[in-house]
Amino acid sequence: MSNSTMLLFFSFFFFLISVSSSSSFNDTHKCSAQQALDLLLFKQNLSPIKFSYDYTPCEYWLGSDYYPIMMNWNKNTDCCKWNGVTCNHFTGDVIGIDLSCGMLRGTIHPNSTLFRLPHLRTLNLAFNDLTDSQLPHEIHRFSNSLTHLNISGCRLAGQISREILVLPRLVSLDVSYNYRLQMQPYVLMNLLRNSTHLRELLIPGVQIRCVLPTYLNISSSLRSLHLSYTGLQGKLSNNIFNLPYLEELELSGNYLIGPLPKVNTSTNIPLKCLDLSFNNFSGETLDSIGHLTSLNYLDLSSCGLVGSLPKPLVNFRHLKTFDLSLNMFSGGLPSDFFGCRSLKILSPESNQSDGEINQGSTTASCVQFINLTRLDLSWNNFTGVWDFDALLSNLPNLQSLDLSYSGLSVVSNNSFSYANPDFLSLGLASCKLNMFPESLQAMKNLTFLDLSNNDIHGHIPDWAGEIGANRLYYLNLSHNSISGLPQFQWDVMEDLYLQSNQIQGAFPPSICNMRNLYDLDISNNSFSGVIPQCLGNINSSLEYLNVKSNQIEGPFPSSICNLRHLYFLDMSNNSFDGVIPQYLGNIIPSLSMVDIGNNHFHGSIPDVYKDCEQLEGLNLNGNQLQGKVPSSLSNCQSLIVLDLGNNRLNGKFPGWLGDLPKLQVLILKSNKLHGVIETSSTNRSVFLSMRVLDLSHNRFVGHLPRKYLQNFSAMKNVVKNSTKPKYLSAYGKYYSVITTVKGVEQEFPQILVNYVIVDLSNNKFEGEIPGVIGSLSSLIVLDLSHNRLIGQIPSVLGYLSEIESLDLSWNQLTGEIPRSLADLNFLGFLNLSDNHLKGRIPEGTQLSTFEASFGGNPELCGLPLAKKCVHPLETQLEADEDMRSGFTWRVVMMGYGCGIILGLVMGYVMLSTGRPKWFNAIVDAGEHMLHTRKNTRRFIYIGK
C-alpha cells in the first residue's frame, strides 16, 4: 500500500471518530424534569450552615472559604450541572449524589424524594448535620442500583435497619462515626457473610456490642473491615489473621482480650493494615503476627502489652508505620530492631523501656531508618547521648522527632547541619539541652516546638522569633533559665508556655498580635509593669491566662474583661491593687477558675450578676477585701474550691454556702467574721462534699458547729481507689491553697482529694468537743487550738485512724488523756499543751515521742515529761478501758437507781413488820465479813 493510500485511510478513520464523538456529544441527555423536582424537594429539608468546631476536618480539606454545596441548585439550570450531582451521560438519569462536607443541616425523612431516584449508584452525605435522623427503611428502593453509600459523621441515631441487607450490589458501606447509631449483631454477620460484592465495610463508632464468633465467615469480596469502637468483646476469632483476601482490619478501642491467634505460615496472607490499639491483649504478640509479612501499617498502642520490645522486625519488609506506644514494654531496644529499612513512622513512646540505645556512641542507632519521617521515643527510661545535628543530617526525610522525657541527653555544637525544610514537629523536653539549637533556623515549616525542662539560659536569639515562618502554633520554653525573649512574629500561635524562667521586663506586646492564642502561661518569672490594653485584641480565642508570681502591678486590667471565652484566670502573687471592678462579676459566669490571691486589692467582693454554673474555683486569698461574703455566690452551684482567707471580711458565717452541693474546700481563715455558726434552716443536708474547712483566726463564738460536723459525709470512710495520687482539678489545672498543718502554715500547690482538714483554731468557741468528730474517720488534720473548750478529750478521737496532725492546745480541757490516742499509728504531730489535763500520759508508740506536746499542764506526769507519776496505776485503767470495754458511768447510775427503788421497798416492809429475823441474820453475816477483811488488810507497794 502506498504512502498516499495509507494517509487517506487514516484521515478517513479519524474523520469517522470525530463524527461519532460529535454525534455522541450532541445526543447527551439532560436531567429529567421529575428527577430535578425530586432533588429540589429533597433540598427543602436541608438548610445551609457554617463550619463549626465539629466540622473542622471539612474546613481542613476544603478551606475556610468553602460555601454550601447546594447554592447553585435551582430549576433554571440542568440538574446534571448542579454541584454534587452526577448523571448518566447517555440517559440523563441521576446516578450519583456527593454532598459530603456540604455545610448542610436537616433531617432525612422516610418519605424523602431522595428515594425516588431509581438509578442512583452512589450516595455520599458524609459530614453533614443530620442530627437524630435514622437510616430509613426506604433505602431498599435502591436495591437494584446502589453500589456506594457513605453517611459517616452525620450524627445519625437509632438502629441500622435490616433493609441494608437487601442492597446486593453494594460495594462500599461507610456509616462510621455516628456514635448514637446501633447495629444488631445478626445484621453485621449477614453483611460479612452474604454481601458478595462488598469490598469496604466501615462502621467505626457504631454500637454493636457483641462477642466475635470463634470462626469468622466473611465474603471473599471483602477487602477492608473497620470495626473500631463498636463495643466488641472477648477473644479474636481464631481465623481472623488467616482470611485469604482481607487487606485492612481495624479493631481499635474495643474490649478484646486474651492472646492473639496464630497465623497460618503455609499461606500468603495479604493483610496490609492492622490496628489493634486500645484493647487488652496478652501474650507474645509479635510471635502471633510476625508472619504477616505484607503489613505496611501496624498499630499495637495501648494494648496492655508487657515484656521486652519485639525483635522480629526484619520479617516486616514492607512495614511503614509501627506504633507500640502506651504499653508496658521494658528493657532496651534489641539490635535487630533497626533492621526494617522501609519504616517511615516509629512510635514506641510511653513505655518502660530502658537501657543504652546506641552503645556509647552519640550517633543514634535509628539513623539506619533512612526513610524515617516520624520518630517518637518520649516518656521512656533510655540512657545515652545523642548528637542532635548528626541526627538531622543522617535522617534527611525526618519531619517529626520527639525525645521528650525519654531519658536521653541531647547535645548540639550548633554547627551548621542539614535539616529537612519540611520539618514539622520537635519535642526535646527534659533532654538536658543547654543551648538553643541553631538548626531550628532551617525549619521553615515548623509548627510544634517543645524545649521545656532543660538548661537553656540567657537571652533567646532574635532569629528564634521567626521560627517556622509564621506557621508555629505551639511553643513551650517553660522551666529553663531564660532571661530574655525575641520579638515574636507568630500570628497563628495557639499555645505559648514561658512559665518558670527568669524572664524580666514588660509584658511582651507582640503577644497581642497572636489573634488565635488559646493558652498563655508566663507565670513564675520576673515580668513587671502592667498588663497592656492590647491583650483585649485576642478576645475571640484566649481561654487560659496565667500570669501568677511575677512583679506585675497596676489596677485590675480592663482588657481581661473583653476575653469572652476565658475559662481559667490566675493573677495571683503579683502587685495588682485598687478595687476589683464590678464588671468582673459579668465575666465570672464563663470562667471555671479565678485566682487573684496575694495581691493588694481592696474594697468589696463584686456580686455575680448572672448564672455562674461553670465556676469551680474562686481564690481571693491574701488581699485587703472588706464587707460580707456576697450571697450571689450561691448561684455558683458547681463551686468546688472557695478561698477567701487572709482578708478583712466581716459579718456572720455565710451558712448558705452549705447549699452548694459540690463545695469541697472552704477557707475563710484570718478575717473578721464573728457570731455563732448556725445551721441553715432551709436545708439539713449541708456541706456533704466538704473535705477542707478552715475557719481559723476569726471571732466565732458559741459551741462548735455540731450539726455541720455531722453532715461532713465526705470526711467519713474515704475510699482510696488506687495508690496513684489524685488531685482536685478543673480542666487539667490543679487548685492550690495555704493552710496550717502540724503547727506550720503550708502551701499546697495541689490538693489531694483524700487530704481531709478541719481547722477551727484561734476563735472563741466554748463548750465541750462534740463526740461526732470521732465519726470523721478520714480526718488527717484537726486543729481546735486557741479556743475556750472545756471538758474531757473524747475517747472517740481514737477512731480517727488516718489522722496525722492533732492540735487541741490553748483551751481549758480537763481530765486525763484517753488511752485511745496512743493507738493512732499515723499521728506525726500532737499538741495538747496549755490546758488543765492531769494524770499519767498514756504509754504508746507515738505519744512518748512528742516532747513539746504536753507543756502547760502541771498535773500531767509520765514520759516524755520529766515529772514522774506518784501512783502510776491509780485509776488509770478506769479511763483506759472506758471506750474498749463498753463500761460507762451511765450503767453504774442505772444500777444505783434500781438499788434505791429496791431499798425503799424493803425499808417500807421492815418498818411495817418490825425487824424480822431473816434480815437480822443477813446483817450479822455482812458485819462479820467486813470485820475479817479489815483485820487481814496490808499495804501494797506500787513503785516509787
Contacts of type ring pair (Phe, Tyr, Trp, His ring centres under 6.0 Å), residue [X], not counting sequence neighbours:
X	answer
Y727	Y734
H697	none
F527	none

Looking just at side-chain N and O atoms, do S638 and E613 make a donor-acceptor pair shorter than 3.5 Å?
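A donor-acceptor contact under 3.5 Å links the two side chains.
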Do you see a donor-acceptor pair shorter than 3.5 Å between the side chains of Y497 and D519?
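Side chains of Y497 and D519: pair found under 3.5 Å.
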What are the two closest heavy atoms between N835 and S809, and how far apart are they?
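Closest approach of N835 to S809, heavy atoms only: ND2-CA, 3.7 Å.
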Please find the pair of heavy atoms, one from P557 and one from M571, that lie closest to each other, and give the distance.
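Closest heavy-atom pair between P557 and M571: CD-CE, 3.7 Å.
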Angle class for the F765/F700 ring planes (parallel below 30°, perpendicular above 60°, tilted otherwise)?
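F765 and F700: parallel rings.
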Assign the ring pair Y544 / F568 to parallel, tilted or perpendicular, where the plane angle (0 to 90°) is split at 30° and 60°.
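Judged by the thresholds at 30° and 60°, the geometry between Y544 and F568 is parallel.
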Who are the salt bridge (charged side-chain N to carboxylate O under 4.0 Å, His left out) partners of R180, not counting sequence neighbours?
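Result, salt bridge (charged side-chain N to carboxylate O under 4.0 Å, His left out) vs R180: D132.
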Go through the structure and list residues passing salt bridge (charged side-chain N to carboxylate O under 4.0 Å, His left out) with E745, not counting sequence neighbours.
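So E745 forms a salt bridge (charged side-chain N to carboxylate O under 4.0 Å, His left out) with K669.
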Matching residue for N621 among D595, N647, N646, N599 - test: side-chain hydrogen bond (donor to acceptor under 3.5 Å, both in side chains)
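For N621, the side-chain hydrogen bond (donor to acceptor under 3.5 Å, both in side chains) check succeeds only for N646.
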Counting only heavy atoms from other residues, nucleotides and ligands, does the tally under 6.0 Å from OH of Y583 exceed 12?
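For Y583, atom OH is crowded (more than 12 foreign heavy atoms under 6.0 Å).
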Sequence neighbours left out, what passes side chain to side chain contact (heavy atoms under 4.5 Å, CB included) with N453? Give chain and number order.
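Side chain to side chain contact (heavy atoms under 4.5 Å, CB included) list for N453, sorted by chain: Y405, S430, H479.
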